[in-house]
Amino acid sequence: MDIEKKINQLRLELQQHNYNYYVLDKPEVSDYKFDMLLEELQELEEKHPEFKDPNSPTQRVGGEVTKNFKTVQHDYRMYSLSNSYSKEEMEEWEVRVKKLADGEVEYTCELKYDGASISLTYENGELLRAVTRGDGIQGDEVTANIKTIKSVPLKLKGDYPQRFDIRGEIVLPYEGFAKMNAERVEQGEEPYANPRNTASGSLKLQDSAEVAKRPLECLLYSIVGENLSFKTQYEGLQKAREWGFKVPKEAELAKSTDEVMNFINYWDENRHDLPYETDGVVIKVNNLRQQEELGFTAKSPRWAMAYKFKAEQAETLLESITYQVGRTGAITPVANLKAVQLAGTTVKRASLHNADQIEKLDIREGDKVFVEKGGEIIPKIVGVNFKERDPDSKPTQYIQNCPECGTELVREDGEALHYCLNAAGCPPQVVGRIQHFISRKAMDIEGLGGETVALLVRENLIENYADLYELKKEQILPLERMAEKSAENLIAGIEASKTVPYERVLFALGIRFVGETVAKTLAKRFTSITALENASQEELENVNEIGVRIAESVVDFFGIEKNRNLIERLKNYGLQLELSEEDLEGKSDKLQGKTFVISGVFEKVSRKELKKLIEDNGGKVTGSISGNTDYLVAGENMGPSKLTKAEKLGTKIISENEFLDMV
Ligand SMILES: NC(=O)c1ccc[n+]([C@@H]2O[C@H](COP(=O)([O-])OP(=O)(O)OC[C@H]3O[C@@H](n4cnc5c(N)ncnc54)[C@H](O)[C@@H]3O)[C@@H](O)[C@H]2O)c1
Ligand SMILES: [Zn+2]
């Protein structure tokens, strides 16, 4: 094939992947595949310097600036890193370093955090701005979003320089990521793919209040500026820690490639114990004077090298596909695999998400499949080894009937999942709903666990959650593993749950798409279950954050007589099905549907009180002004940028007194 054509084709392909990855946060190929394509291009360009192009993906940092934020030029360029995958490559790098740098060379070994890069500028000890890497020369100013991250210090301690940039990575720790996904699944939405893309996507959200809800972390690793008071990278890390930054403590000094390899091998094995994702380690020449001698290529520093861990992939046999029925009747396909070692654990099952996913990847029983472990606890199948496919295998037929009760499955337009609608008679749904009802974030019934619920249903002692409130000690005592004391505890726990507040009862009812947050929102707007029951689809949709799907689901729920009877019974047992007097005090829906931004300081109320006033009266407070903002409440010393933006967008600007008059 024509070399020039091949080179151009690779460049175009890589540009598209860069765009998917950095701008859309939705990569379509694995990082490993991307790195291999880039390497292929690099080799071709080296062999054929006549086709050199300064705009080639080998010569440029991959990101871009977006149009949604102010574009800011970096005081100091932000670079990418050169990659290596083996000890040999590390040794070759050491040879090059020693040729260019004067004197003994020492290295700092750091973890390579997998998130989105950020540059923070501090002036006189205060955070001035936060800018994404962008194309390395200029990036997006996302200060308002970064300020919501608790580990980013707004004011520094100690002997910091007058002005400097500090670089780091915004990451989403596994735990927070799993929590966010659990909530999304609960609300019937597709889970996020992995922590890296979710962290990166979070920075680009327009509403800082949304960003604040995400458990992001900012890990710092490098200081740049004039007249710095330290002479090595390692000291720089220590200084940053002293000034108040979050600098992970794993970094170590190494004197040779052998010592570097020890660090690499240790973390290749043990990185799964870290709370966040890492995709390798970064080795840096420790001495800053030597760093200066070494300088930069067009794309990366010569004084640093990333060593990438091998992709966490394994190939194994897909023995069978089975289907699970959740408490809402949602069907999840599960891949049962021949046991295989992956990322330090034995994997036997993988998620297949839904029918589309199976069809898209053409996954079939008996296939050899590639399994990957991202941020999720359950690994996923990312592809099929088609070379090994049995020529007689047939495409997977998604089930049409519920595996538990035989009812025909339904998949509504626009829904990713199939559902079994036999809510009342499908055993896992019956048990699942009661298990959800008693769970910690719902009614939190002490002395009663999921297993016992299943047992009570099996023994025909309960059929639904209302039945719990009629249970007698004498009925449960004969059950397996039930003693006098545990039976008493169980009954007492059920009794105690009668004081659980309305919003949690609402969540406990298990209405499809009504997760914890939605339940809170609904309880605020419809302060009793009767009000909610009488709400029309339209009234529901008019509530902030309540979309068509949720509204429909609520209306459907109350449209079913059985559900209304259950609620009637819960009322009679004395559960909290409306907001208490205390909660209601000072509340109204005067500001319903209005969005506010608060700026500056106020005379009569604190910012916190102001925020509460807005929310208590049905309004919403966000961090930054956008086209959706109705009012800017302006106090003393308001930020000039907010004012300009409000004026530009025609947002109504009101004073403290004008606001107080409104409520
Ligand atoms: N799958 C895809 O479609 C796709 C597309 C584009 C890029 N990618 C992935 O992204 C990589 C390229 O991204 P890149 O240019 O950001 O390079 P990189 O991620 O390989 O390395 C540079 C980045 O590492 C980060 N980093 C983390 N810890 C660090 C530390 N301790 N010290 C210094 N830097 C640290 C910094 O943000 C820095 O910008 C590719 O190797 C590929 O794996 C994938
Ligand atoms: Zn069923």
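Each ligand, and each atom within it, is numbered from 1 in the order the structure gives.
In terms of protein heavy-atom proximity, atom 40 (C) of ligand 1 is closest to D35 OD1, 3.1 Å. The single protein non-hydrogen atom nearest to atom 1 (N) of ligand 1 is V29 O, 2.8 Å, given as residue, atom name and distance. Among protein heavy atoms, atom 15 (O) of ligand 1 sits closest to S80 OG, 2.7 Å. For atom 39 (O) of ligand 1, the nearest non-hydrogen atom of the protein is R133 NH1, 2.7 Å. In terms of protein heavy-atom proximity, atom 37 (O) of ligand 1 is closest to E169 OE1, 2.4 Å. In this structure, the protein non-hydrogen atom closest to atom 19 (O) of ligand 1 is K112 NZ, 2.9 Å.
Listed by atom number, the atoms of ligand 1 under 4.0 Å from H17 heavy atoms are 3 (O), 5 (C). Residue-ligand proximity, L111 to ligand 1, at heavy-atom distances under 4.0 Å covers atoms 28 (N), 30 (C), 31 (N). Taking every non-hydrogen atom of N83 and a distance limit under 4.0 Å, the qualifying atoms of ligand 1 come out as 20 (O), 41 (O). Listed by atom number, the atoms of ligand 1 under 4.0 Å from S117 heavy atoms are 37 (O), 39 (O). Close contacts between ligand 1 and N18 involve ligand atoms 6 (C) [criterion: under 4.0 Å to a heavy atom].
Cation-pi contact between R512 and Y419: present, with separation from the ring centre below 6.0 Å and deviation from the ring axis of at most 45°. A cation-pi contact, defined as under 6.0 Å to the ring centre and within 45° of the axis, links R196 to Y21. The side-chain tip of R241 does not point at the ring of F245 from less than 6.0 angstrom away and within 45° of straight on.
Under the 4.0 angstrom criterion for non-hydrogen atoms, K284 is in contact with ligand 1. Using a 4.0 angstrom heavy-atom cutoff, V61 does not count as in contact with ligand 1. Under the 4.0 angstrom criterion for non-hydrogen atoms, K308 is in contact with ligand 1. Residue-ligand proximity: N20 is placed with every non-hydrogen atom at 4.0 Å or more from ligand 1. Residue contact annotation: T278 has no non-hydrogen atom under 4.0 Å from ligand 1.
Ring pair W243/F164 is tilted by interplanar angle, where 30° to 60° counts as tilted. Ring pair Y323/Y398 is perpendicular by interplanar angle, where above 60° counts as perpendicular and below 30° as parallel.
With the Zn ion (ligand 2) as the vertex, atom SG of C426 and atom SG of C405 span an angle of 110° (nearest 10 degrees). Taking the Zn ion (ligand 2) as the corner point, the angle from C402 atom SG to C420 atom SG is about 110° (rounded to 10 degrees).
Salt bridge annotation for R163-D75: present, with a cationic side-chain nitrogen under 4.0 angstrom from a carboxylate oxygen. In this structure, E235 does not pair ionically with K239, as no charged nitrogen and carboxylate oxygen lie closer than 4.0 Å. Ion pair K150/E217 not flagged as a salt bridge, since none of the NZ, NE, NH1 or NH2 atoms sits closer than 4.0 Å to an Asp/Glu carboxylate oxygen.
Taking only nitrogen or oxygen atoms, main chain and side chain alike, G62 does not reach within less than 3.5 Å of ligand 1. Here's the thing with D279: none of its N/O atoms is less than 3.5 angstrom from an N/O atom of ligand 1.
For the pair F513 and S553, the tightest heavy-atom approach, listed with the atom from each and the gap, is CD1-CB, 4.0 Å.
Proximity annotation for atom 12 (C) of ligand 1: of Y22, F34, Y221, Y22 comes nearest, heavy atoms only. Summarising the contacts of atom 2 (C) of ligand 1 with Y21, Y113, Y79, the nearest heavy atom is found in Y21.
Within the 4.5 Å cutoff, no side-chain heavy atoms of S351 are placed close to those of V334. Side-chain contact check for K380 versus V371: every heavy-atom pair is 4.5 Å or farther apart.
When ring centroids are compared, Y85 and Y307 stay outside the 6.0 Å threshold.
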key: Audit row: S202, R214, side-chain hydrogen bond (donor to acceptor under 3.5 Å, both in side chains) steps and yes/no   = CA-CA 8 Å; S202 303; R214 302 193 171 182; 2.8 Å; yes
